[in-house]
Amino acid sequence: MIVKREGFGNVLAEGVKRSAEIIGRRAEKYAMHVKSREIPMHEPRGKVGVGIQYDLCPIGADHVQAPHDPGFERITQHLTALGLTRPVNRLALNHEKVRAVYFGILWWGLEDCLGICKFVFTPHSAGVLTPNRLVEIGPTDPINGRGGNGSQAGEFT
């Protein structure tokens, strides 16, 4: 119905913000979005940093623009390259949380620019590589495939 834009699906295909405007009758009051982007399934009441992320991200509510709060609870020495030096409780709403989310947005943005999978680097729960390790390796030379320290491209051990 929505994908074919048939019937009421034609209205819903416009997205939640525009659909609410079309529907009218104060439907905008119930249209959950940030910067016209629908809110993903991740609940910011249990992950306060996710709510901050939704608000700070230039593209609106997007759950893959910064690490989620559980990653900030496990901050250890391997995240010092991000300027994160101590754990932050997932339910905290303070300057330390905002700072952690901000640096997380910058870090994940860098990973996007470098074409690196976010799931292999900490603070993602599945992360096996650290930001400190990427700093040690340095940028990869696309011509000869060597890292800044002479390592082979893809050599992260």
Side-chain angles (χ1 to χ4, degrees), residues 2-3 12-21 27-142 145-149 151-157:
I2 295 173
V3 73
L12 297 177
E14 294 294 322
V16 69
K17 182 178 186 276
R18 180 75 182 115
S19 294
E21 291 168 355
E28 296 92 350
K29 179 179 176 180
Y30 303 101
M32 303 296 287
H33 66 90
V34 177
K35 300 174 186 167
S36 301
R37 188 173 187 149
E38 288 80 5
I39 296 176
M41 65 164 227
H42 299 277
E43 174 57 68
R45 289 178 293 184
K47 294 179 177 178
V48 176
V50 170
I52 296 169
Q53 176 188 152
Y54 289 171
D55 193 42
L56 291 180
C57 284
I59 62 171
D62 188 340
H63 69 289
V64 294
Q65 294 300 308
H68 290 211
D69 298 70
F72 298 129
E73 288 185 319
R74 296 184 304 274
I75 290 177
T76 60
Q77 190 171 1
H78 67 269
L79 295 175
T80 56
L82 296 181
L84 304 175
T85 58
R86 56 187 207 197
V88 181
N89 182 290
R90 78 177 61 207
L91 298 176
L93 180 55
N94 55 31
H95 71 282
E96 290 179 354
K97 176 61 71 73
V98 173
R99 185 173 185 271
V101 171
Y102 174 73
F103 282 117
I105 290 170
L106 295 178
W107 171 244
W108 278 23
L110 174 64
E111 289 177 339
D112 285 341
C113 291
L114 295 173
I116 297 172
C117 176
K118 295 173 181 172
F119 298 122
V120 298
F121 275 95
T122 56
H124 189 279
S125 58
V128 294
L129 302 173
T130 68
N132 292 358
R133 182 66 181 131
L134 182 61
V135 170
E136 290 170 11
I137 294 168
T140 300
D141 179 343
R146 295 228 174 249
N149 67 353
S151 62
Q152 282 292 103
E155 184 180 304
F156 291 103
T157 58

Starting at SG of C113, measure out to CD of E111 and round the result to the nearest 0.5 Å. 10.5 Å

Provide the full list of salt bridge (charged side-chain N to carboxylate O under 4.0 Å, His left out) pairs with a residue in residues 47-63, sequence neighbours left out, each pair given once. R37-D62

Please report the C-alpha distance between E73 and N89 in whole Å, then the side-chain angles of each, then the deciding distance to 0.1 Å, and finally whether the side chain to side chain contact (heavy atoms under 4.5 Å, CB included) criterion is met. CA-CA 6 Å; E73 288 185 319; N89 182 290; 4.2 Å; yes

When rounded to the nearest 0.5 angstrom, what distance separates OG in S36 from CD in E14? 12.0 Å

Which residues pass the side-chain hydrogen bond (donor to acceptor under 3.5 Å, both in side chains) test with E38, not counting sequence neighbours? none

Quick one: list whatever passes ring pair (Phe, Tyr, Trp, His ring centres under 6.0 Å) with H33, sequence neighbours left out. none

Within the structure provided, determine whether M41 and H63 are in side-chain contact (heavy-atom separation under 4.5 Å). no

A92 and K97: which non-hydrogen atoms are nearest, and at how many Å? O-NZ, 3.2 Å

Closest non-hydrogen contact found for A66 with V101 is CB-O, 4.1 Å

N94 meets the side-chain hydrogen bond (donor to acceptor under 3.5 Å, both in side chains) criterion, sequence neighbours left out, with none

Heavy atoms, side chains only, cut-off 4.5 Å: are P87 and F72 in contact? no

The criterion is side chain to side chain contact (heavy atoms under 4.5 Å, CB included); which residues satisfy it with L93, sequence neighbours excluded? V48, I52

Test side chain to side chain contact (heavy atoms under 4.5 Å, CB included) applied to A20 - qualifying residues, sequence neighbours left out: A27, E28, A31

So does L91 get a backbone contact from the side chain of D69, meaning a donor-acceptor N/O pair under 3.5 Å? no

Nearest heavy-atom contact between W108 and P67 is NE1-CG, 3.5 Å

Could you tell me if the side chain of H42 sits less than 4.5 Å from the side chain of Y54, heavy atoms only? yes

From D112 atom CG to W107 atom CH2, the distance as rounded to the nearest 0.5 Å: 11.5 Å

As an exercise, state the distance from CD of Q65 to CD1 of I105, rounded to the nearest 0.5 Å. 7.5 Å

